[in-house]
Visitor: 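Before we start, here is the structure in question, set down as structure tokens.
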Amino acid sequence: MTPTPDHKRLTLVVVGHGMVGHRFVQAAIERGLTETYDVIVVGEECRPAYDRVALTSFFEVGAEELSLLPGGAYDDPRVRLVTGTEVTGLDTETRTVLLADGEVLGFDELVLATGAAPFVPPIPGKDLPGCFVYRTIEDLEAIREAAAGATVGAVVGGGLLGLEAANALAQLGLETHVVEMAPRLMAVQVDDAGGAMLTRHIEKLGLTVHTGAATEAVLGESHVTGLALRDREPILAEVVVFSAGIRPRDGLARDAGLDLAERGGVLVDEQCRSSDPHVWAIGECAAPAGRTYGLVAPGYTMAEVVVDALLGGPGAFTGADMSTKLKLLGVDVASFGDAHGTTEGALELVFADAVAGHYKKLVVKENPDGDGTILLGGILVGDASAYGVLRPMVAADGTSGIELPPNPEDLILPASRGAVEIGLPDEAVVCSCNTVTKGEILARVSTDGAGDAEPCTDATCVTRCSGAGSTCGSCKPTVKKIVEDHFASVGKVVDRSLCEHFGLTRQEIFDVVAVHGYTRFDDVMEGHGTGRGCDICKPVVASVLASQLGGHVLSPAHRPLQDTNDAYLANIQKNGTYSVVPRIPGGEITPAKLIVIGEVARDFNLYTKITGGQRIDLFGARMEELPLIWRRLVDAGFESGHAYGKSLRTVKSCVGSTWCRYGVQDSTSLAIMLEERYRGLRSPHKLKGGVSGCARECAEARSKDFGVIATEKGWNLYVAGNGGAAPVHARLLAGDLDTQTLVSYLDRFLMYYIRTADRLQRTALWVDSLDGGLDRVRQVVVEDSLGLGSELEAAMDAHVDGYFDEWAATLEDPDKLARFVSFVNAPGTPDPHITFREERDQIAPADADGPVVLGATIAVGAPLGAVAGTR
Amino acid sequence: MTTTSQATSSDPTTYTVVCRLDQVEREGGVVALVGGAAVAVFRTYDDEVFALDNYDPFSRASVLARGIVGTRGDISFVASPMHKQAFDLRTGHCLDDAAVRVPAYDVQVTGDGQVLVGGVRSNS
Ligand SMILES: Cc1cc2nc3c(=O)[nH]c(=O)nc-3n(C[C@H](O)[C@H](O)[C@H](O)COP(=O)(O)OP(=O)(O)OC[C@H]3O[C@@H](n4cnc5c(N)ncnc54)[C@H](O)[C@@H]3O)c2cc1C
């Protein structure tokens, strides 16, 4: 510990409140450095530190979400944070720093955490309006503003950051060019073959790639008009983003006469101490052993090392793992370890599949201490699913390391997918209701992990034994997949049959129904099943028949197959009453219709609540009231909202270009069109959609099974997202589509899902379960590689043509209505089990505690125990 | 948990006519009011008729008649529409939890197709 002879408090000044500076202060507080030091942090940006690594998501989530210090202050009074103030001078003699506002701060120790600045090549025109860099929230705000009035953008630099910036420009609706001087993209991380594959992927995202192209000048008089390239046609563009590398911000150290590394950066030793013993440097501005690091993890290590050193500890920084995984939407790229095979004795194993767009390379060498090989590094393009298992296996020092299996290529061949697919770590909590981790699930099914008990043989057994999935059930598909992947990985044949009555999967049932043209459950059972069916297979067959044939779910042959909610075309609630949700396409409703809903709710005394899907839910309807309620709603022009079905729920929207000053397309009209197109479509699970009128994404479309986001040129289509217990962001399937193409892709996507997904499998899990994942979906839907496109579209057209409102049809049919009675022999008597209490001026279910008997003193027909209302 | 019958029909030997057989769909159920109690009457694919108390002890709601009817092995059962626990149509035993049982009622179908519900079966 630094000696404090007279117990006088010391002062530590940190310059720069970025990611690493913040981490330093956090560690200083946690490890008790503030017992000795008063800490003053001075940052030049107007806001406290934020997550720069996630900078691009600023467009989606805004600045607040990114903040690393949401309260704006540390909860240690000995730390003072000064933002919006640059440190302009450093004097190591007097141990003072000068702030831009004239204040002078004395220090006992100084930590430089000034990060790096984007490098802008010294070419003519580089300062013209319309030129930007990509480093701060302010940069992104300016880019977004400029993009709103532009159509074409160009990014100079095709490295990791450049590609991220280019993708952001494309998301902002710009036609986007990437200009890279090197002969390939991501030159640092990938080799030529990988770079070529990467270029193809990037071009599929709709970007134009120019490699081996040197930018000579930015064109334009008063504003950017384009880029001049050496020996090539110029590119026209109104927005230019420079992403040609970074330079450490070492100016303060330079002016103070501290030693710098040859290629810039404050030269520091293993403890991150500069040539002045009281000045330290960490993060991107520092150059331990003469080398700078442009990633956040090494910076964090340096922060910890300096805190340790100031406490008298032995910590040292000796280099860092430079593995990277590209965060670009839809393009998997990973590079780790010695990716270029520069270690002596390195051998390369390459697997390339041009059709699937995969390029994978492992760099290995013979194990000096054994017979096998050890992993040095690798490159994965197109499918980086193996990254999670491979990276931890890398021999960091080029000698020791985990010995690879005898055929290391198995690790990157597609056949090995099963073993590496579920990327969850063992400690990930899969079932949050009962706190069951992936590790515990695996222990249940493995012979040595189950202890005395017999290991479980399937997912149902795991649910019973561990509780995983037994409460809300939302994690059941994940549990099933973990169990199946486990059995597949140990070479056990997994029984994927639906239930005891069918030795078929849902997909196989879909196929036999299509091939044989079955129209009734009994035919399917006779041909392919045993017994009389159950609550699992009946709804599946009902859904498959409904998807293929249309027709009414309550027709006599289909009614007994329907699950609880479909059986009464309403959502059952805990006390046996139902909730009613009329369809409000796109969330758009006239005042007159809104009043009708209010009147119906009032007249039937229904608890009324707004849903997350921009509609209105009316609770507490007794079964026998449903037809009366719907009579009123249908007469007013409402239709079933299918809130009760495994079918399309809503397509949420914002007001779009019609009202919003930021909107670029009419999102409301598109949402209504899509909701009306897919309404009533029965599917393996519920389906939700969203349409946003600009990149601000107010409709939260990317949390839906299909999400559409407007661009200047059309629509970006995202698929396979969901909210709920395991939220997933939808991923880009195709960009800048016109409406007609959008609809045809969506038709194909949804029908492909309906045909091949498992029971109760949402789109996100379904995409993950496909061999090839999203790429596979893109091949089938966008590239039409199976030639199924027109068939899938025709199937959807048939659905659209056959659609009718099932509630209106029910009201027309006395046989169907006959089932909506409380008691078959006393239709006028309301069920006495159903009682209500009052809460915040509305009804709520009163708790029942046992079966109720209508006593002799109470006349049959009189309402019983109704607290609220008189029903 | 053991659920005993609180629903006592007046006399175990008297039967109440509750509906016609054709009012109960195959592999479906209806609810009848018998001696003040809610009784679920089920009909299987081969026209056997069973009656159970309509009250689901798991969800504590009167809903069993609305469940899906099917078979497990040779046993005809109804799955609660709330949380899918299966009940043996003959005895009311829960197939997923041996400690739980709902009361089963005697039922008859007359020659002219009337469904009659009797008293709670003492033990089956
Ligand atoms: C778009 C983008 C994506 C990225 N993605 C990844 C990734 O996927 N993985 C990864 O590991 N890394 C990534 N990085 C890099 C990562 O953000 C940096 O490594 C990290 O932020 C470095 O932290 P730092 O504190 O050293 O610098 P910074 O976070 O830049 O913080 C330095 C701060 O110091 C301030 N400052 C500078 N000079 C002064 C002065 N004289 N007075 C006062 N304040 C000053 C600056 O304004 C800045 O706020 C990405 C970076 C960007 C821009």
Side-chain angles (χ1 to χ4, degrees), chain A residues 464 470-471 473 499-501 521-522 525 530-539 542 556-557 559-565 567-568 572-578 623 815 818-819 821-827 829 831-834 845 847-858 860-861, chain B residues 3 5-8 10 16-20 23-39 41 43-46 53-57 59-63 65-86 96 102-103 115 117:
Chain A
R464 212 175 302 138
S470 62
T471 306
C499 62
E500 67 173 70
H501 306 103
F521 176 77
D522 289 357
M525 190 50 117
T530 52
R532 281 305 309 166
C534 65
D535 51 305
I536 293 174
C537 58
K538 284 186 173 181
R559 211 299 309 164
L561 309 176
Q562 304 300 343
D563 222 333
T564 315
N565 290 341
Y568 291 91
I572 201 166
Q573 303 299 329
K574 60 187 281 187
N575 64 346
T577 61
Y578 288 88
M623 187 226 278
D815 287 343
R819 291 182 47 259
V821 289
S822 53
F823 297 104
V824 66
N825 59 343
T829 305
D831 181 349
H833 291 90
I834 299 172
D847 282 334
D849 27 53
V852 178
V853 182
L854 274 180
T857 51
I858 297 162
V860 164
Chain B
T3 308
S5 158
Q6 298 172 19
T8 41
S10 36
T16 313
V17 177
V18 295
C19 60
R20 295 186 317 278
Q23 287 178 278
V24 193
E25 63 194 333
R26 286 211 173 97
E27 300 190 313
V30 297
V31 195
L33 200 53
V34 179
V39 177
V41 178
R43 176 179 174 188
T44 61
Y45 67 101
D46 52 0
D53 199 295
N54 195 43
Y55 185 79
D56 171 9
S59 66
R60 307 204 296 172
S62 186
V63 293
R66 302 178 212 168
I68 287 178
V69 173
T71 56
R72 267 198 202 172
D74 294 333
I75 303 173
S76 290
F77 77 95
V78 61
S80 164
M82 288 290 193
H83 297 302
K84 310 292 181 217
Q85 290 90 354
D96 299 313
V102 299
V115 179
V117 174

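Chain letters run A, B, ... following the sequence lines, proteins first, then strands; residues in each count from 1.
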Visitor: Non-hydrogen atoms of chain B under 4.5 Å away: do they reach the side chain of K538(A), the backbone, both or neither?
Guide: side chain
Visitor: Measuring heavy-atom distances to chain A, does V18(B) have an atom under 4.5 Å in its side chain, in its backbone, in both, or in neither?
Guide: both
Visitor: In terms of heavy-atom proximity below 4.5 Å to chain B, should D815(A) be classed as side chain, backbone, both, or neither?
Guide: neither
Visitor: Can you tell which part of R72(B) gets under 4.5 Å to a heavy atom of chain A, answering side chain, backbone, both or neither?
Guide: both
Visitor: For L561(A), which atoms come within 4.5 Å of any heavy atom of chain B: side chain, backbone, both, or neither?
Guide: backbone
Visitor: Salt bridge (charged side-chain N to carboxylate O under 4.0 Å, His left out) for R66(B) and D56(B)? Distances and angles first, verdict last.
Guide: CA-CA 11 Å; R66(B) 302 178 212 168; D56(B) 171 9; over 6 Å; no
Visitor: As an exercise: rank G533(A), P539(A), C499(A), S822(A) by heavy-atom pairs under 4.5 Å with chain B and give me the winner.
Guide: G533(A)
Visitor: Check the pair R60(B), Y55(B) against side-chain hydrogen bond (donor to acceptor under 3.5 Å, both in side chains), reporting the backbone distance first and the verdict last.
Guide: CA-CA 7 Å; R60(B) 307 204 296 172; Y55(B) 185 79; 4.9 Å; no
Visitor: Once ring pair (Phe, Tyr, Trp, His ring centres under 6.0 Å) is applied, do any residues pair with F521(A), and if so which ones, sequence neighbours excluded?
Guide: none
Visitor: Any idea which heavy atoms bring I572(A) and N565(A) closest together, and the distance?
Guide: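 Looking at all heavy atoms of both residues, the closest pair is N-OD1, 2.9 Å.
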Visitor: Identify which part of E25(B) has an atom lying under 4.5 Å from any heavy atom of chain A, answering side chain, backbone, both or neither.
Guide: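 Contact with chain A involves the side chain of E25(B) alone.
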Visitor: State, with a plain yes or no, whether a side-chain heavy atom of V41(B) is found less than 4.5 Å away from one of Q23(B).
Guide: no
Visitor: Quick one: list whatever passes side-chain contact (heavy atoms from CB on, under 4.5 Å) with Q573(A), sequence neighbours left out.
Guide: N571(A), N575(A), T577(A), S579(A), F619(A)
Visitor: Highest number of heavy-atom pairs under 4.5 Å with chain A: which of G70(B), A32(B), A86(B)?
Guide: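 The answer is A32(B).
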